[in-house]
**Q** 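Can you read through this structure? Questions will come right after.
In each ligand, atom 1 is the first atom listed, and ligand 1 is the first ligand listed.
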Amino acid sequence: MVELLKVHGSQNKFFILDQTALQNKLPQPELVALAKHITEPEQGLLDGADGLLVIDESDHDGVLGSMQVINTDGSIASMCGNGLRTVSRYLSDKFNQDAFKVETMDSDLAVHREADLANDVPTFSVEISPVTFAKETLPFDHLGTDNLINKAVPEFAPGLKFTAIAVPNPHLISFVDEETMHSKLLGQLGKMLNEPNEYFPDGVNVSFAQILDRNTLFVRTYERGVGFTNACGTGMSATSLAFCLNHPEMADFNQTISVYNPGGMVKTRVHDNDSNFTIDLIGNATFTHKVEIPEEDLHANVLDHAQISETGEQPAYLRFVEGLKRQRV
Ligand SMILES: N[C@@H](CCC[C@H](N)C(=O)O)C(=O)O
């Protein structure tokens, strides 16, 4: 039997598979097929999820393991902030270390255990980098500009300004009012830019942000390869950087920014080292279920014999979310 975990960061939900626990690792086509199946809301397990996080060995210095991110549609993402927190906790528990690095597609990122955000809400801080703005790195095209920082793009939405940032997965961000936040626009734009289109040929994660107060945001994201999620860690990190750059009167570099989202709240800190930006993303790393599956079933992408048990961690997380609602009223 192999044990998978169902986990979440801000209720952005994933399954974790540790390839090192298998007798025979799943080759890439089997991983992609499993990701598409297990995350499917009806045919998958536990109402599906937003992606599969695959842990494997790493031989890099100071690194305890690698993380691969597979979206629900089978596409591969270079990073996942909420997912990285849960993988960090998994590796921290496995190797009994609280500060280390995790290998991701583009870089080895520093992570560490933090004080719990609330009672019994395990919390991790993860580095979000490298950060770039160049159109080739996102990539985008046909917008008549080499970078997009707080610029109007009437083709996307008249009256709104957009910022595009790769962290290193691609994000498109707009600061909006409450009415626009709850309108159909985010869904329409997210869909348009994640279907074949001339602007973002590889698709893009689209976030709308509302400024609630000094160093305080609410962010909603339509994710590439998934659709609407409760939260997107890299999206909230990129949006925090856009907040510091585009609204310096309301946001401070090196200070804690609270980012509320439909799944809860995370904290971010944006650092500017001579325009070399990095972001700390701090939030919950909750394990909700253990899933036991015979290894041969994983290879065959059969989920019928999965044995599922709850970890008992979710009630504490939900109490934390209730507390946030009371704070915001
Ligand atoms: N939910 C993630 C981002 C996952 C990848 C994204 N959909 C992409 O394709 O870039 C996060 O928490 O950062």
**Q** Is there at least one pair of N or O atoms, one from G81 and one from ligand 1, spaced under 3.5 Å apart?
**A**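 Yes, G81 has an N/O under 3.5 Å of an N/O on ligand 1.
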**Q** Which heavy atom of the protein is the closest neighbour of atom 5 (C) of ligand 1, given with residue, atom name and distance?
**A**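 The answer is A77 CB, 3.4 Å.
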**Q** Tell me, please: is N205 in heavy-atom contact with ligand 1, that is, under 4.0 Å?
**A**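 Yes, that is the case, since the closest heavy atom of the residue is under 4.0 Å from the ligand.
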**Q** By number and element, which atoms of ligand 1 are closer than 4.0 Å to a non-hydrogen atom of M79?
**A** 3 (C), 4 (C), 5 (C)
**Q** Compare all side-chain heavy atoms of V204 with those of F140 and state whether any distance is below 4.5 angstrom.
**A**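 No, too far: nothing below the 4.5 Å cut-off.
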**Q** Do S75 and D73 meet the criterion of a side-chain donor-acceptor pair at a distance under 3.5 Å?
**A** yes
**Q** Which residue owns the protein heavy atom closest to atom 4 (C) of ligand 1, what's the atom, and how far is it?
**A** E223 OE1, 3.3 Å
**Q** Does the gap between the ring centers of F100 and F95 come in under 6.0 Å?
**A** no
**Q** If you measure only the distance, is there a donor-acceptor pair under 3.5 Å linking the side chains of E223 and T221?
**A** no
**Q** In plain terms, say whether K267 and D280 are close enough for a salt bridge, that is, a side-chain N and a carboxylate O under 4.0 Å apart.
**A**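 Salt bridge between K267 and D280, a charged N being under 4.0 Å from a carboxylate O: no.
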**Q** Checking side chain to side chain contact (heavy atoms under 4.5 Å, CB included) against I70, which of L31, T39, L17 comes through?
**A** L31
**Q** Check each heavy atom of T234 against ligand 1 and say whether those closer than 4.0 Å belong to the side chain, the backbone, both or neither.
**A** both
**Q** For ligand 1, is any non-hydrogen atom under 4.0 Å from N169's backbone (N, CA, C, O), its side chain (CB onward), both, or neither?
**A**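 Answer for N169: side chain.
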**Q** Any idea which part of N71 is under 4.0 Å from ligand 1, heavy-atom wise: side chain, backbone, both or neither?
**A** side chain
**Q** Decide whether an N or O pair under 3.5 Å exists between G233 and ligand 1.
**A**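 By distance alone, the answer is yes.
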**Q** What protein heavy atom lies closest to atom 2 (C) of ligand 1? Include the residue and the distance to one decimal.
**A** C80 SG, 3.2 Å
**Q** Is I173 close to N246 at the side-chain level, that is, under 4.5 Å between some pair of heavy atoms?
**A** no
**Q** Going by heavy atoms in the side chains, are F277 and C244 under 4.5 Å from each other?
**A** no
**Q** With a 4.0 Å cut-off on N to O distance, would you call K94 and D18 a salt bridge?
**A**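 Answer for the salt bridge query: yes.
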**Q** Give the atom numbers and elements of ligand 1 that come within less than 4.0 Å of a heavy atom of N82.
**A**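 By the 4.0 Å cutoff, the relevant atoms are 11 (C), 12 (O).
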**Q** Answer with yes or no whether G225 contacts ligand 1, where contact means a heavy atom under 4.0 Å from a ligand atom.
**A**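 Checking ligand 1 against G225, which is what was asked, there is no heavy-atom contact under 4.0 Å.
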**Q** What part of D50, side chain, backbone, both or neither, has a heavy atom within less than 4.0 angstrom of ligand 1?
**A** neither
